[in-house]
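Notes follow the structure.
Labels below follow one simple rule: chain letters A, B, ... track the order of the sequence lines, proteins then strands, and each chain is numbered from 1.
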There are 2 protein chains.
Amino acid sequence: MAPTTETLTAERILEATEEVLRRHGPAKATVVDVARALGVSHGSVYRHFRTKAALREAVTKRWLDRTALRLSAIVGQDRAPETLLREWLEALFDAKRRKAGDDPELFATFSVLADENSGVVDQHIAELTAQLTEIVRNGVAQGAFTATDPALAARAVFQATGRFHDPAYASRWLRPHVRSEFDAVVDLLLRGLRAADHPAG
Amino acid sequence: MAPTTETLTAERILEATEEVLRRHGPAKATVVDVARALGVSHGSVYRHFRTKAALREAVTKRWLDRTALRLSAIVGQDRAPETLLREWLEALFDAKRRKAGDDPELFATFSVLADENSGVVDQHIAELTAQLTEIVRNGVAQGAFTATDPALAARAVFQATGRFHDPAYASRWLRPHVRSEFDAVVDLLLRGLRAADHPAG
DNA sequence: CAGATGACAGATTTCAATATCTGTCATCTG
DNA sequence: CAGATGACAGATATTGAAATCTGTCATCTG
(Lines give C-alpha, C1' and ligand atoms only; values in the text may rest on other atoms or scores of the structure.)
Protein backbone atom coordinates (compact mmCIF):
# COMPACT_ATOMS: atom_id res chain seq x y z
CA MET A 1 0.00 0.00 0.00
CA ALA A 2 2.55 2.62 1.13
CA PRO A 3 5.95 1.30 0.02
CA THR A 4 8.08 3.67 2.07
CA THR A 5 11.82 4.00 1.69
CA GLU A 6 12.12 4.05 5.47
CA THR A 7 13.88 1.19 7.24
CA LEU A 8 11.69 -1.77 8.12
CA THR A 9 11.51 -1.82 11.92
CA ALA A 10 9.61 -4.04 14.31
CA GLU A 11 7.61 -0.98 15.29
CA ARG A 12 6.51 -0.27 11.72
CA ILE A 13 5.51 -3.88 11.30
CA LEU A 14 3.45 -3.73 14.48
CA GLU A 15 1.63 -0.63 13.30
CA ALA A 16 0.84 -2.20 9.95
CA THR A 17 -0.26 -5.42 11.65
CA GLU A 18 -2.58 -3.57 13.97
CA GLU A 19 -4.15 -1.87 10.98
CA VAL A 20 -4.51 -5.13 9.07
CA LEU A 21 -6.04 -6.82 12.11
CA ARG A 22 -8.43 -3.94 12.56
CA ARG A 23 -9.55 -4.26 8.97
CA HIS A 24 -9.66 -8.03 8.51
CA GLY A 25 -9.93 -9.47 12.01
CA PRO A 26 -7.80 -12.20 13.55
CA ALA A 27 -9.32 -14.97 11.46
CA LYS A 28 -8.54 -13.45 8.07
CA ALA A 29 -5.46 -11.30 8.64
CA THR A 30 -2.40 -12.93 7.09
CA VAL A 31 1.30 -12.24 7.26
CA VAL A 32 1.16 -11.71 3.50
CA ASP A 33 -1.43 -8.96 4.07
CA VAL A 34 0.90 -7.25 6.52
CA ALA A 35 3.80 -7.45 4.10
CA ARG A 36 1.64 -6.11 1.29
CA ALA A 37 0.55 -3.18 3.47
CA LEU A 38 4.20 -2.36 4.07
CA GLY A 39 5.24 -2.89 0.45
CA VAL A 40 7.75 -5.60 1.36
CA SER A 41 7.94 -9.34 0.93
CA HIS A 42 6.55 -11.52 3.68
CA GLY A 43 10.03 -12.97 4.17
CA SER A 44 11.09 -9.60 5.55
CA VAL A 45 8.39 -9.71 8.18
CA TYR A 46 9.70 -13.10 9.30
CA ARG A 47 13.09 -11.51 9.84
CA HIS A 48 11.56 -9.51 12.73
CA PHE A 49 8.99 -11.99 14.07
CA ARG A 50 9.73 -15.67 14.10
CA THR A 51 6.09 -16.76 13.66
CA LYS A 52 2.69 -15.35 12.96
CA ALA A 53 1.73 -16.14 16.55
CA ALA A 54 4.66 -14.07 17.83
CA LEU A 55 3.50 -11.15 15.69
CA ARG A 56 -0.05 -11.42 16.97
CA GLU A 57 1.21 -11.55 20.52
CA ALA A 58 3.44 -8.53 20.07
CA VAL A 59 0.57 -6.46 18.68
CA THR A 60 -1.70 -7.51 21.51
CA LYS A 61 0.95 -6.78 24.08
CA ARG A 62 1.38 -3.24 22.78
CA TRP A 63 -2.35 -2.81 22.85
CA LEU A 64 -2.78 -4.16 26.38
CA ASP A 65 0.18 -2.18 27.66
CA ARG A 66 -1.56 1.04 26.63
CA THR A 67 -4.47 0.15 28.93
CA ALA A 68 -2.21 -0.87 31.81
CA LEU A 69 -0.34 2.41 31.51
CA ARG A 70 -3.51 4.47 31.66
CA LEU A 71 -4.71 2.55 34.71
CA SER A 72 -1.39 2.96 36.49
CA ALA A 73 -2.01 6.70 36.55
CA ILE A 74 -4.87 6.10 38.97
CA VAL A 75 -2.93 3.97 41.44
CA GLY A 76 -0.73 6.73 42.80
CA GLN A 77 -3.41 9.41 43.16
CA ASP A 78 -3.81 10.98 46.59
CA ARG A 79 -7.39 10.03 47.33
CA ALA A 80 -9.36 7.78 49.63
CA PRO A 81 -8.35 4.14 48.96
CA GLU A 82 -11.99 3.20 48.51
CA THR A 83 -12.47 5.86 45.85
CA LEU A 84 -9.26 4.84 44.17
CA LEU A 85 -10.21 1.17 44.05
CA ARG A 86 -13.66 1.94 42.74
CA GLU A 87 -12.36 4.28 40.05
CA TRP A 88 -9.61 1.91 39.04
CA LEU A 89 -12.15 -0.88 38.53
CA GLU A 90 -14.45 1.49 36.68
CA ALA A 91 -11.61 2.60 34.43
CA LEU A 92 -10.73 -1.04 33.72
CA PHE A 93 -14.32 -1.89 32.85
CA ASP A 94 -14.63 1.21 30.66
CA ALA A 95 -11.39 0.51 28.86
CA LYS A 96 -12.29 -3.07 28.04
CA ARG A 97 -15.79 -2.19 27.02
CA ARG A 98 -14.58 0.59 24.79
CA LYS A 99 -11.99 -1.66 23.19
CA ALA A 100 -14.64 -4.29 22.54
CA GLY A 101 -16.91 -1.69 20.97
CA ASP A 102 -14.44 0.45 19.03
CA ASP A 103 -11.96 -2.18 17.86
CA PRO A 104 -13.99 -5.35 17.70
CA GLU A 105 -11.43 -7.07 15.49
CA LEU A 106 -8.46 -6.24 17.69
CA PHE A 107 -10.52 -7.22 20.67
CA ALA A 108 -11.25 -10.55 19.03
CA THR A 109 -7.51 -11.06 18.63
CA PHE A 110 -7.09 -10.39 22.32
CA SER A 111 -9.88 -12.85 23.12
CA VAL A 112 -8.21 -15.51 20.99
CA LEU A 113 -4.99 -15.06 22.91
CA ALA A 114 -6.86 -15.16 26.21
CA ASP A 115 -8.35 -18.50 25.19
CA GLU A 116 -4.95 -19.80 24.22
CA ASN A 117 -3.61 -18.97 27.66
CA SER A 118 -0.94 -16.85 26.07
CA GLY A 119 1.88 -15.58 28.21
CA VAL A 120 1.13 -12.06 27.01
CA VAL A 121 -2.29 -12.15 28.62
CA ASP A 122 -0.90 -13.73 31.78
CA GLN A 123 1.59 -10.90 31.98
CA HIS A 124 -1.14 -8.33 31.44
CA ILE A 125 -3.17 -9.85 34.24
CA ALA A 126 -0.12 -9.96 36.48
CA GLU A 127 0.48 -6.26 35.81
CA LEU A 128 -3.12 -5.34 36.58
CA THR A 129 -3.14 -7.46 39.73
CA ALA A 130 0.07 -5.76 40.84
CA GLN A 131 -1.60 -2.36 40.46
CA LEU A 132 -4.59 -3.57 42.47
CA THR A 133 -2.26 -4.94 45.13
CA GLU A 134 -0.64 -1.54 45.38
CA ILE A 135 -4.01 0.11 45.97
CA VAL A 136 -4.97 -2.46 48.60
CA ARG A 137 -1.59 -2.19 50.30
CA ASN A 138 -1.86 1.60 50.47
CA GLY A 139 -5.39 1.23 51.81
CA VAL A 140 -4.17 -1.06 54.57
CA ALA A 141 -1.29 1.31 55.38
CA GLN A 142 -3.76 4.18 55.71
CA GLY A 143 -6.05 2.11 57.93
CA ALA A 144 -8.94 2.15 55.45
CA PHE A 145 -8.67 -1.52 54.49
CA THR A 146 -8.01 -4.72 56.40
CA ALA A 147 -6.16 -7.51 54.59
CA THR A 148 -3.74 -10.08 55.91
CA ASP A 149 -2.37 -10.64 52.44
CA PRO A 150 -2.94 -7.65 50.11
CA ALA A 151 -1.83 -9.59 47.04
CA LEU A 152 -4.31 -12.37 47.79
CA ALA A 153 -7.10 -9.86 48.39
CA ALA A 154 -6.21 -8.05 45.17
CA ARG A 155 -6.38 -11.27 43.20
CA ALA A 156 -9.76 -12.05 44.75
CA VAL A 157 -11.05 -8.59 43.78
CA PHE A 158 -9.76 -9.06 40.24
CA GLN A 159 -11.40 -12.44 39.86
CA ALA A 160 -14.65 -11.40 41.49
CA THR A 161 -14.96 -8.55 38.99
CA GLY A 162 -14.03 -10.76 36.05
CA ARG A 163 -17.51 -10.44 34.67
CA PHE A 164 -16.69 -6.80 33.94
CA HIS A 165 -13.30 -7.11 32.32
CA ASP A 166 -12.78 -10.67 31.11
CA PRO A 167 -13.23 -10.96 27.34
CA ALA A 168 -15.15 -14.21 27.82
CA TYR A 169 -17.95 -11.99 29.10
CA ALA A 170 -17.74 -9.30 26.45
CA SER A 171 -21.06 -10.26 24.90
CA ARG A 172 -22.82 -9.36 28.16
CA TRP A 173 -21.34 -5.89 28.55
CA LEU A 174 -24.12 -4.26 26.58
CA ARG A 175 -27.02 -5.51 28.66
CA PRO A 176 -29.09 -2.81 30.34
CA HIS A 177 -28.26 -3.59 33.96
CA VAL A 178 -24.52 -4.18 33.84
CA ARG A 179 -23.83 -0.86 35.46
CA SER A 180 -25.90 -1.52 38.56
CA GLU A 181 -24.55 -5.06 38.74
CA PHE A 182 -21.06 -3.66 38.64
CA ASP A 183 -21.90 -1.28 41.48
CA ALA A 184 -23.44 -4.04 43.59
CA VAL A 185 -20.40 -6.28 43.20
CA VAL A 186 -17.93 -3.50 43.92
CA ASP A 187 -19.95 -2.36 46.95
CA LEU A 188 -19.86 -5.85 48.38
CA LEU A 189 -16.13 -6.24 47.74
CA LEU A 190 -15.39 -2.87 49.33
CA ARG A 191 -17.37 -3.88 52.41
CA GLY A 192 -15.21 -6.97 52.57
CA LEU A 193 -11.99 -5.00 52.32
CA ARG A 194 -13.02 -2.30 54.77
CA ALA A 195 -11.29 -2.14 58.12
CA ALA A 196 -13.45 -3.18 61.07
CA ASP A 197 -13.21 0.30 62.64
CA HIS A 198 -14.29 2.13 59.47
CA PRO A 199 -17.74 0.64 59.07
CA ALA A 200 -19.22 3.59 57.19
CA GLY A 201 -19.48 3.77 53.39
CA MET B 1 -32.14 -48.60 17.67
CA ALA B 2 -34.76 -49.89 20.14
CA PRO B 3 -38.11 -49.70 18.31
CA THR B 4 -40.29 -50.11 21.37
CA THR B 5 -44.00 -50.63 21.22
CA GLU B 6 -44.41 -48.17 24.09
CA THR B 7 -46.15 -44.86 23.47
CA LEU B 8 -43.95 -42.05 22.27
CA THR B 9 -43.92 -39.52 25.11
CA ALA B 10 -42.06 -36.23 25.50
CA GLU B 11 -40.14 -37.86 28.33
CA ARG B 12 -38.94 -40.75 26.17
CA ILE B 13 -37.86 -38.29 23.50
CA LEU B 14 -35.93 -36.26 26.06
CA GLU B 15 -34.11 -39.34 27.31
CA ALA B 16 -33.16 -40.35 23.79
CA THR B 17 -32.09 -36.80 22.96
CA GLU B 18 -29.89 -36.61 26.02
CA GLU B 19 -28.24 -39.85 24.98
CA VAL B 20 -27.76 -38.65 21.40
CA LEU B 21 -26.34 -35.35 22.61
CA ARG B 22 -24.00 -37.16 24.96
CA ARG B 23 -22.71 -39.27 22.10
CA HIS B 24 -22.54 -36.77 19.25
CA GLY B 25 -22.39 -33.35 20.90
CA PRO B 26 -24.57 -30.33 20.14
CA ALA B 27 -22.93 -29.59 16.80
CA LYS B 28 -23.59 -33.00 15.24
CA ALA B 29 -26.71 -34.30 17.00
CA THR B 30 -29.69 -34.13 14.66
CA VAL B 31 -33.40 -34.63 15.10
CA VAL B 32 -33.11 -37.49 12.64
CA ASP B 33 -30.59 -39.15 14.96
CA VAL B 34 -33.02 -38.86 17.85
CA ALA B 35 -35.84 -40.33 15.79
CA ARG B 36 -33.59 -43.17 14.65
CA ALA B 37 -32.62 -43.92 18.26
CA LEU B 38 -36.33 -44.20 19.11
CA GLY B 39 -37.21 -46.20 16.02
CA VAL B 40 -39.71 -43.59 14.81
CA SER B 41 -39.81 -41.06 12.00
CA HIS B 42 -38.50 -37.58 12.69
CA GLY B 43 -41.96 -36.22 11.97
CA SER B 44 -43.14 -37.87 15.18
CA VAL B 45 -40.54 -36.03 17.18
CA TYR B 46 -41.82 -32.77 15.73
CA ARG B 47 -45.26 -33.63 17.05
CA HIS B 48 -43.89 -33.22 20.61
CA PHE B 49 -41.36 -30.42 20.08
CA ARG B 50 -42.04 -27.64 17.66
CA THR B 51 -38.39 -27.06 16.74
CA LYS B 52 -34.99 -28.54 17.26
CA ALA B 53 -34.15 -25.58 19.48
CA ALA B 54 -37.15 -26.33 21.70
CA LEU B 55 -35.94 -29.90 22.06
CA ARG B 56 -32.44 -28.79 22.97
CA GLU B 57 -33.82 -26.37 25.51
CA ALA B 58 -36.08 -28.96 27.09
CA VAL B 59 -33.18 -31.36 27.52
CA THR B 60 -31.00 -28.69 29.01
CA LYS B 61 -33.75 -27.55 31.34
CA ARG B 62 -34.17 -31.07 32.69
CA TRP B 63 -30.45 -31.29 33.17
CA LEU B 64 -30.15 -27.92 34.92
CA ASP B 65 -33.17 -28.59 37.09
CA ARG B 66 -31.45 -31.65 38.53
CA THR B 67 -28.61 -29.42 39.75
CA ALA B 68 -30.95 -26.78 41.13
CA LEU B 69 -32.86 -29.44 43.03
CA ARG B 70 -29.72 -30.84 44.62
CA LEU B 71 -28.62 -27.35 45.65
CA SER B 72 -31.99 -26.51 47.12
CA ALA B 73 -31.42 -29.25 49.69
CA ILE B 74 -28.63 -27.14 51.18
CA VAL B 75 -30.64 -23.93 51.53
CA GLY B 76 -32.91 -25.11 54.34
CA GLN B 77 -30.28 -26.83 56.47
CA ASP B 78 -30.04 -25.70 60.08
CA ARG B 79 -26.46 -24.46 60.13
CA ALA B 80 -24.55 -21.23 60.41
CA PRO B 81 -25.48 -18.95 57.46
CA GLU B 82 -21.80 -18.51 56.61
CA THR B 83 -21.27 -22.26 56.43
CA LEU B 84 -24.42 -22.67 54.39
CA LEU B 85 -23.41 -20.01 51.88
CA ARG B 86 -19.93 -21.42 51.52
CA GLU B 87 -21.17 -24.96 51.06
CA TRP B 88 -23.85 -23.91 48.63
CA LEU B 89 -21.26 -22.14 46.47
CA GLU B 90 -18.92 -25.10 46.76
CA ALA B 91 -21.69 -27.47 45.72
CA LEU B 92 -22.50 -25.25 42.74
CA PHE B 93 -18.87 -25.15 41.66
CA ASP B 94 -18.52 -28.90 42.10
CA ALA B 95 -21.69 -29.64 40.19
CA LYS B 96 -20.71 -27.49 37.22
CA ARG B 97 -17.19 -28.79 37.17
CA ARG B 98 -18.36 -32.37 37.32
CA LYS B 99 -20.85 -31.78 34.54
CA ALA B 100 -18.15 -30.21 32.39
CA GLY B 101 -15.85 -33.16 33.02
CA ASP B 102 -18.26 -36.10 32.90
CA ASP B 103 -20.67 -34.95 30.19
CA PRO B 104 -18.59 -32.64 28.02
CA GLU B 105 -21.05 -32.84 25.14
CA LEU B 106 -24.12 -32.07 27.23
CA PHE B 107 -22.16 -29.31 28.90
CA ALA B 108 -21.32 -27.90 25.49
CA THR B 109 -25.05 -27.83 24.72
CA PHE B 110 -25.60 -25.88 27.89
CA SER B 111 -22.82 -23.47 26.95
CA VAL B 112 -24.36 -22.91 23.55
CA LEU B 113 -27.66 -22.01 25.16
CA ALA B 114 -25.90 -19.71 27.61
CA ASP B 115 -24.30 -17.91 24.68
CA GLU B 116 -27.65 -17.62 22.96
CA ASN B 117 -29.16 -15.95 26.01
CA SER B 118 -31.77 -18.65 26.19
CA GLY B 119 -34.72 -18.22 28.51
CA VAL B 120 -33.97 -21.64 29.99
CA VAL B 121 -30.61 -20.46 31.24
CA ASP B 122 -32.08 -17.20 32.50
CA GLN B 123 -34.62 -19.21 34.45
CA HIS B 124 -31.92 -21.47 35.85
CA ILE B 125 -29.96 -18.43 37.00
CA ALA B 126 -33.09 -16.89 38.48
CA GLU B 127 -33.71 -20.10 40.43
CA LEU B 128 -30.15 -20.23 41.74
CA THR B 129 -30.23 -16.56 42.68
CA ALA B 130 -33.49 -17.12 44.52
CA GLN B 131 -31.86 -19.88 46.54
CA LEU B 132 -28.94 -17.60 47.34
CA THR B 133 -31.33 -14.83 48.33
CA GLU B 134 -33.00 -17.24 50.73
CA ILE B 135 -29.67 -18.02 52.37
CA VAL B 136 -28.78 -14.34 52.66
CA ARG B 137 -32.23 -13.46 54.00
CA ASN B 138 -31.99 -16.15 56.66
CA GLY B 139 -28.52 -14.94 57.54
CA VAL B 140 -29.82 -11.42 58.01
CA ALA B 141 -32.75 -12.68 60.09
CA GLN B 142 -30.34 -14.56 62.33
CA GLY B 143 -28.11 -11.51 62.68
CA ALA B 144 -25.13 -13.13 60.97
CA PHE B 145 -25.30 -11.04 57.79
CA THR B 146 -26.00 -7.40 57.06
CA ALA B 147 -27.73 -6.55 53.79
CA THR B 148 -30.17 -3.79 52.98
CA ASP B 149 -31.42 -5.71 49.99
CA PRO B 150 -30.81 -9.48 50.27
CA ALA B 151 -31.77 -10.10 46.65
CA LEU B 152 -29.27 -7.51 45.44
CA ALA B 153 -26.54 -8.93 47.65
CA ALA B 154 -27.34 -12.44 46.44
CA ARG B 155 -27.05 -11.35 42.83
CA ALA B 156 -23.73 -9.70 43.57
CA VAL B 157 -22.43 -12.89 45.20
CA PHE B 158 -23.60 -14.93 42.22
CA GLN B 159 -21.91 -12.65 39.73
CA ALA B 160 -18.72 -12.28 41.75
CA THR B 161 -18.36 -16.07 41.81
CA GLY B 162 -19.16 -16.38 38.10
CA ARG B 163 -15.62 -17.50 37.42
CA PHE B 164 -16.46 -20.71 39.27
CA HIS B 165 -19.78 -21.59 37.76
CA ASP B 166 -20.23 -19.75 34.47
CA PRO B 167 -19.63 -22.05 31.47
CA ALA B 168 -17.69 -19.28 29.72
CA TYR B 169 -14.96 -20.03 32.26
CA ALA B 170 -15.12 -23.82 32.07
CA SER B 171 -11.73 -24.07 30.39
CA ARG B 172 -10.11 -22.55 33.48
CA TRP B 173 -11.63 -24.91 36.04
CA LEU B 174 -8.82 -27.39 35.75
CA ARG B 175 -5.98 -25.03 36.58
CA PRO B 176 -3.99 -25.88 39.70
CA HIS B 177 -4.95 -22.89 41.82
CA VAL B 178 -8.69 -22.61 41.22
CA ARG B 179 -9.48 -24.03 44.62
CA SER B 180 -7.51 -21.43 46.55
CA GLU B 181 -8.81 -18.69 44.27
CA PHE B 182 -12.33 -19.85 45.02
CA ASP B 183 -11.62 -19.72 48.74
CA ALA B 184 -10.12 -16.24 48.51
CA VAL B 185 -13.11 -14.87 46.63
CA VAL B 186 -15.64 -16.51 48.95
CA ASP B 187 -13.75 -15.31 52.03
CA LEU B 188 -13.83 -11.76 50.76
CA LEU B 189 -17.53 -11.94 49.90
CA LEU B 190 -18.37 -13.40 53.30
CA ARG B 191 -16.48 -10.57 54.98
CA GLY B 192 -18.61 -8.19 52.97
CA LEU B 193 -21.84 -9.86 53.99
CA ARG B 194 -20.93 -10.21 57.64
CA ALA B 195 -22.80 -8.10 60.17
CA ALA B 196 -20.75 -5.32 61.73
CA ASP B 197 -21.10 -6.83 65.21
CA HIS B 198 -19.90 -10.27 64.12
CA PRO B 199 -16.41 -9.35 62.94
CA ALA B 200 -14.82 -12.78 63.52
CA GLY B 201 -14.51 -15.53 60.87
C1' DC C 1 27.69 -8.52 4.27
C1' DA C 2 23.25 -7.05 6.48
C1' DG C 3 19.10 -7.15 4.99
C1' DA C 4 15.59 -8.11 1.46
C1' DT C 5 13.66 -11.35 -1.81
C1' DG C 6 10.66 -14.91 -3.77
C1' DA C 7 10.45 -19.94 -4.91
C1' DC C 8 9.17 -23.75 -2.47
C1' DA C 9 7.01 -27.72 0.62
C1' DG C 10 3.65 -28.71 3.65
C1' DA C 11 -0.33 -26.91 6.25
C1' DT C 12 -4.50 -24.43 6.13
C1' DT C 13 -8.36 -22.11 4.02
C1' DT C 14 -11.76 -21.33 0.42
C1' DC C 15 -15.31 -22.56 -2.55
C1' DA C 16 -18.68 -24.89 -5.03
C1' DA C 17 -20.91 -29.23 -5.69
C1' DT C 18 -23.21 -32.62 -3.09
C1' DA C 19 -25.44 -34.58 0.79
C1' DT C 20 -27.98 -34.10 4.87
C1' DC C 21 -30.99 -31.80 7.81
C1' DT C 22 -35.11 -29.01 9.46
C1' DG C 23 -39.75 -28.19 9.55
C1' DT C 24 -44.30 -28.82 6.95
C1' DC C 25 -48.03 -31.27 5.42
C1' DA C 26 -50.96 -34.38 2.64
C1' DT C 27 -51.62 -39.03 3.39
C1' DC C 28 -51.88 -43.32 5.79
C1' DT C 29 -53.05 -46.67 9.69
C1' DG C 30 -54.87 -48.93 13.89
C1' DC D 1 -59.70 -39.66 14.18
C1' DA D 2 -55.36 -39.32 17.00
C1' DG D 3 -51.19 -40.18 16.01
C1' DA D 4 -47.54 -41.69 12.88
C1' DT D 5 -45.41 -41.40 8.35
C1' DG D 6 -42.26 -39.96 4.64
C1' DA D 7 -41.95 -36.88 0.46
C1' DC D 8 -40.70 -32.38 -0.13
C1' DA D 9 -38.59 -27.34 -0.30
C1' DG D 10 -35.41 -24.51 1.56
C1' DA D 11 -31.60 -24.13 4.83
C1' DT D 12 -27.34 -26.00 6.53
C1' DA D 13 -23.41 -29.04 6.65
C1' DT D 14 -19.87 -31.93 4.40
C1' DT D 15 -16.46 -32.85 1.19
C1' DG D 16 -12.60 -32.69 -1.72
C1' DA D 17 -10.12 -30.09 -5.25
C1' DA D 18 -7.91 -25.70 -5.91
C1' DA D 19 -6.08 -21.56 -3.90
C1' DT D 20 -3.68 -19.39 -0.36
C1' DC D 21 -0.85 -19.17 3.52
C1' DT D 22 3.17 -20.14 6.77
C1' DG D 23 7.78 -20.62 7.53
C1' DT D 24 12.44 -21.77 5.34
C1' DC D 25 16.26 -20.78 2.78
C1' DA D 26 19.36 -20.23 -1.24
C1' DT D 27 20.03 -16.24 -3.71
C1' DC D 28 20.28 -11.47 -4.71
C1' DT D 29 21.33 -6.36 -3.93
C1' DG D 30 22.96 -1.81 -2.15
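One finds no salt bridge joining B/Glu82 and B/Arg86 here, because no Lys/Arg side-chain nitrogen approaches an Asp/Glu carboxylate oxygen to under 4.0 Å. Under 4.0 Å is where a charged nitrogen must lie from a carboxylate oxygen, and between A/Arg175 and A/Glu181 no such pair does. Salt bridge status for A/Arg179 with A/Glu90: present, with a side-chain N to carboxylate O gap under 4.0 Å.
For the pair A/Arg56 CZ and D/dT22 P, the computed distance is 11 Å after rounding to whole Å. Look at CZ on B/Arg36: it is 10 Å from P on C/dT20, rounded to the nearest Å. Atom CZ of A/Phe49 is separated from atom P of D/dG23 by 13 Å (rounded to the nearest Å). For B/Tyr46 and C/dG23, the OH to P distance is 4 Å, given to the nearest whole Å.
Under the rule for a ring pair (Phe, Tyr, Trp, His ring centres under 6.0 Å), the partners of B/Phe110 that lie at least two apart in sequence or sit in another chain are B/Trp63, B/Phe107. In this structure, B/His42 has no ring pair (Phe, Tyr, Trp, His ring centres under 6.0 Å) partners at least two apart in sequence or on a different chain.
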Give me, pair by pair, the N or O atoms of the protein and of nucleotides 1-9 of chain D that are less than 3.5 Å apart, along with how far apart they are.
residue, atom, partner, partner atom, Å
D/dA4, N7, B/Arg47, NH2, 3.2
D/dT5, OP2, B/Ser41, N, 2.9
D/dT5, OP2, B/Ser41, OG, 3.4
D/dT5, OP2, B/Ser44, OG, 2.6

Atom pairs under 3.5 Å, N or O on each side, protein against nucleotides 27-30 of chain C: can you list them with distances?
none

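Only B/Thr30, B/Val31, listed by number, bring a heavy atom of residues 21-31 of chain B to less than 4.0 angstrom from any atom of DNA chain C.
The shortest side-chain heavy-atom distance between B/Val185 and B/Arg163 does not fall under the 4.5 Å cut-off. Side-chain contact between B/Leu14 and B/Leu55 is present, with at least one heavy-atom pair separated by less than 4.5 Å. Between B/Leu85 and B/Leu132 the shortest side-chain heavy-atom distance falls below 4.5 Å.
A donor atom on one side chain and an acceptor atom on the other are not found under 3.5 Å apart for A/Gln123 and A/Glu127.
The side chain to side chain contact (heavy atoms under 4.5 Å, CB included) test with B/Pro26 singles out one residue from B/Thr109, B/Thr60, B/Leu106, and that residue is B/Thr109.
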- Message: Please convert DNA chain D into dot-bracket. A pair counts if it is Watson-Crick or G-U wobble with both distances under 3.5 Å; crossing pairs go in [ ] and bases paired with another strand get |.
- Response: ||||||||||||||||||||||||||||||
